[in-house]
Amino acid sequence: MTVRTRFAPSPTGYLHIGGVRTALFNWLFAKGQGGQFILRVDDTDQQRNVEAALAPILHGFRWLGLDWDEGPEVGGPRAPYYQSQRADKYQAAAEALLAAGAAYRDFASTEEIQAEREQAQQASEQFTYSRRWMAENDADIAKFEAEGRQCVVRLKMPREGELVHHDLIRGEVRFQWAREQDHVVQRADGSCLYHLATVVDDQDMQISHVIRAEEHLSNTPRQIFIANALGYPLPEFAHLPYVAEPGSKNKLSKRKLEKYLKNRDFAQLKQHGESIAERLNLEIDAEVFNPVIVDFYEQIGFLPDALLNYLLLLGWSLDDHTEEFSREEMLAQFSLDRVNKAPASFDPQKLFAFQDRAMQKLPIKQKVARVLPFLQQAGAIADPPPCDTAPYLTKIVEAAGDRIKIAGDILDYLDFYTADDQLEYDEKALNKRIRKPDDAVRLLTEFREKLAAVEQFEGESLEATLKTFVEEKEIKIGQIVHAVRVAVTGKAVGFGLFETMAILGRERCLARIERALAQ
RNA sequence: GGCCCCUUCGUCUAGCGGUCUAGGACUCCGGCCUUUCACGCCGGCAACACGGGUUCGAGUCCCGUAGGGGUCACCA
């Protein structure tokens, strides 16, 4: 049997991090066994703008490299992959359910149902529909219709017995049928509801394993009921624990951004992103620029593999020590039986640590390629880039070492691209290192002269020059080094001073020092 | 509230009856390295929810309790 899994997003306009985790597990499970991963759009309830609301989701999948074998934009043998376009199939299923006696036409108004529900609630009993307006034959139908009533189709759930089913993650799960409601599967206008649609689609698309979040666990009995009534073979079910909020066990939700911002780590991540977005002059869409949403990470320069690696370990582990997985390793090692049962909290810091490590391992060439678009977006480099871009940028990225944690961090070093007469000086640094210390101006002036005379303007020789200078003047290294840094970069922190100077070159260093002295 | 699910350091987790004075990772706290920052290195704090069983022996099995969560739509 070929393994076929699916992820069924509803077109909401954004890709949620919890959703991606679910999708990832589906993708890994199917692809790891040579099966297929299908994307299906659950848009039974959405009428407008499905394409627009779906675009960011598909974009997110593409960015992450989670490719789908069948689904929107790629098509497939079971097309269409939009539920809104599959109404005829659901209609046929609803009729089959009726014919099989597993469903009935119900002529109750919503008010009448509501009244029964409230009554049960007041008596603190479980609500069970009286089936008072259930039409059992054509005569009933005629009678109710004569009263001007409209009908929906409801499931005729068993009122006794239990369902025992095996979940790949949770093991044996038991449900009392009597606890289940006569759910509506088709509205009066003929449109069908999610539960029917899912079952029909999963069958039609030959889904072998339904891997989804735990919140669907209690939906499973009614879906099994429908599948059984329709004579479908059952897929395997695996209910994943959901992804929880940072620092709590509540389900992670896009809507609680305000609350999450009270979490220090979460706020820090968002701030980091914002500082990058600001320098890119990015228009921040508060709905989407949120660490709960995948788009956020793309915009500020995360590595997709790092996000995936982190998400993989959120509820799954291989053993007691392996944390880093390449895509190939994930595919080879993933298995459902090592998925945890308890929800896992989203930890922004750990995510960041994965990103950090992935970035450190990235070959210099790729790092440069990742960083370039950010400089272009910030207006530092033209698009297309001039031909001397790569060597210069490579030097910068090399010198930056591990300081660039996410691609957008390159914007911390924009001063390599600002014209010498435009360089802005950090006031605090200027005061502390140049204006205030007694000898700073004199030393800086003298050191500038040394620089002007250096034969080779490169890291090693510059360092030697400075050392000699320090010895000659009988000063401490700190007395000159900081002043030079501030003069040359405008900032108090940065990477190796000699590398920095070598990258800038003699002329620019001299010009910048001169300008700093004039401040 | 009913039903269902879950419960090891702050967080992600290892652990499938003895090798657990409970291991790893992130965070945090010391220290080292160092021209700043970052990296790196060394060290440290820190957990089996509780109570009963079963067993020679329980973090591991069973039953309760407590706590947390999910779900109860003509949403998906």
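Numbers restart at 1 for each chain; the letters A, B, ... are given by sequence-line order, proteins then strands.
- Atom CD of A:Q121 and atom C1' of B:rG1 are 8 Å apart (whole Å).
- One interatomic measurement links the two molecules: CZ of A:F175 to P of B:rC4, which rounds to 8 Å at whole-angstrom precision.
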Inset, instruction - Test ring-ring contact (aromatic ring centres under 6.0 Å, His included) on A:W316 and A:F25 and set out the steps. - result: CA-CA 9 Å; A:W316 180 87; A:F25 284 19; 7.5 Å; no

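- Atom pair A:E214:CD and B:rC6:P shows a separation of 8 Å (rounding to whole Å applied).
- Nearest nucleotide to the A:K251 side chain, out of B:rA76, B:rG70, B:rU11: B:rG70.
- Place A:G496 and A:V173 on RNA chain B by their nearest nucleotides, and A:V173 ends up nearer the 5' end.
- Nucleotide B:rA25 holds its C1' atom 11 Å from the CG atom of A:D347, rounded to whole Å.
- Comparing B:rG23, B:rG68, B:rU35 by their nearest atom to the side chain of A:D320 picks out B:rG23.
- Between B:rC39 and A:R403, no contact under 4.0 Å exists linking OP1 or OP2 to a side-chain N or O.
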Inset, instruction - Could you check A:W68 against A:Y81 for ring-ring contact (aromatic ring centres under 6.0 Å, His included), going step by step and ending with a plain yes or no? - result: CA-CA 12 Å; A:W68 55 103; A:Y81 292 90; over 10 Å; no

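- A:H272 and A:F352 have their aromatic ring centers within a separation under 6.0 angstrom.
- The side chain of A:L193 sits closest to B:rC75 out of B:rC75, B:rU36, B:rC39.
- Comparing B:rC4, B:rU36, B:rA14 by their closest approach to the side chain of A:R485 singles out B:rU36.
- At a cut-off of 3.5 angstrom, the base of B:rA38 holds no donor-acceptor pair with the side chain of A:K405.
- For A:R117, a side-chain nitrogen or oxygen approaches OP1 or OP2 of B:rA73 to under 4.0 Å.
- Rounded to an integer number of Å, the gap from A:L444 CG to B:rU35 P is 19 Å.
- Side-chain N/O atoms of A:H16 and A:S253 include no donor and acceptor closer than 3.5 Å.
- The distance between atom OH of A:Y129 and atom P of B:rC72, rounded to the nearest whole Å, is 20 Å.
- The side chain of A:R179 sits closest to B:rC3 out of B:rC6, B:rA76, B:rC3.
- A:T110 has no side-chain polar atom (N or O) that falls below the 4.0 Å cut-off from OP1 or OP2 of B:rC74.
- In terms of phosphate contacts, A:R264 brings no side-chain nitrogen or oxygen within less than 4.0 Å of OP1 or OP2 of B:rU11.
- In this structure, of B:rU13, B:rC74, B:rU35, it is B:rU35 that holds the atom nearest to the side chain of A:F498.
- Taking the centre and axis of the six-membered ring of A:F354, the NZ or CZ atom of A:R357 falls inside the cone set by 45° and 6.0 Å.
- Regarding A:L311, its CG atom lies at a distance of 22 Å from the P atom of B:rA25, rounded to whole Å.
- The separation of B:rA22 from B:rA47, taken at their C1' atoms, amounts to 9 Å, rounded to a whole angstrom.
- When each of A:H216 and A:L313 is assigned the nucleotide of RNA chain B with its nearest heavy atom, A:L313 is the one assigned upstream, toward the 5' end.
- The closest side-chain donor-acceptor pair between A:D42 and A:Y82, if any, does not fall under 3.5 angstrom.
- Here the side chain of A:A344 is nearest to one of B:rU35, B:rC12, B:rC26, namely B:rC12.
- Remark: P of B:rA73 and CG of A:N219 are 11 Å apart, rounded to the nearest angstrom.
- Residue A:R222 has no polar side-chain atom (N or O) positioned under 4.0 Å from OP1 or OP2 of B:rA76.
- Distance from the side chain of A:Y194 is smallest to B:rA76 among B:rU11, B:rA76, B:rA25.
- Using modelled atom types, one finds a donor on one side chain and an acceptor on the other under 3.5 Å when comparing A:Y260 with A:E245.
- One finds no side-chain N or O of A:K491 lying less than 4.0 angstrom from the OP1 or OP2 phosphate oxygen of B:rU35.
- Contact annotation: A:S248 does not reach the phosphate of B:rG68 (side-chain N/O to OP1 or OP2, under 4.0 Å).
- In this structure, the nucleotide among B:rC26, B:rU36, B:rG40 sitting nearest to the side chain of A:Q360 is B:rG40.
- Listed nucleotides: B:rA76, B:rA14, B:rC12. Nearest to the side chain of A:R187: B:rA76.
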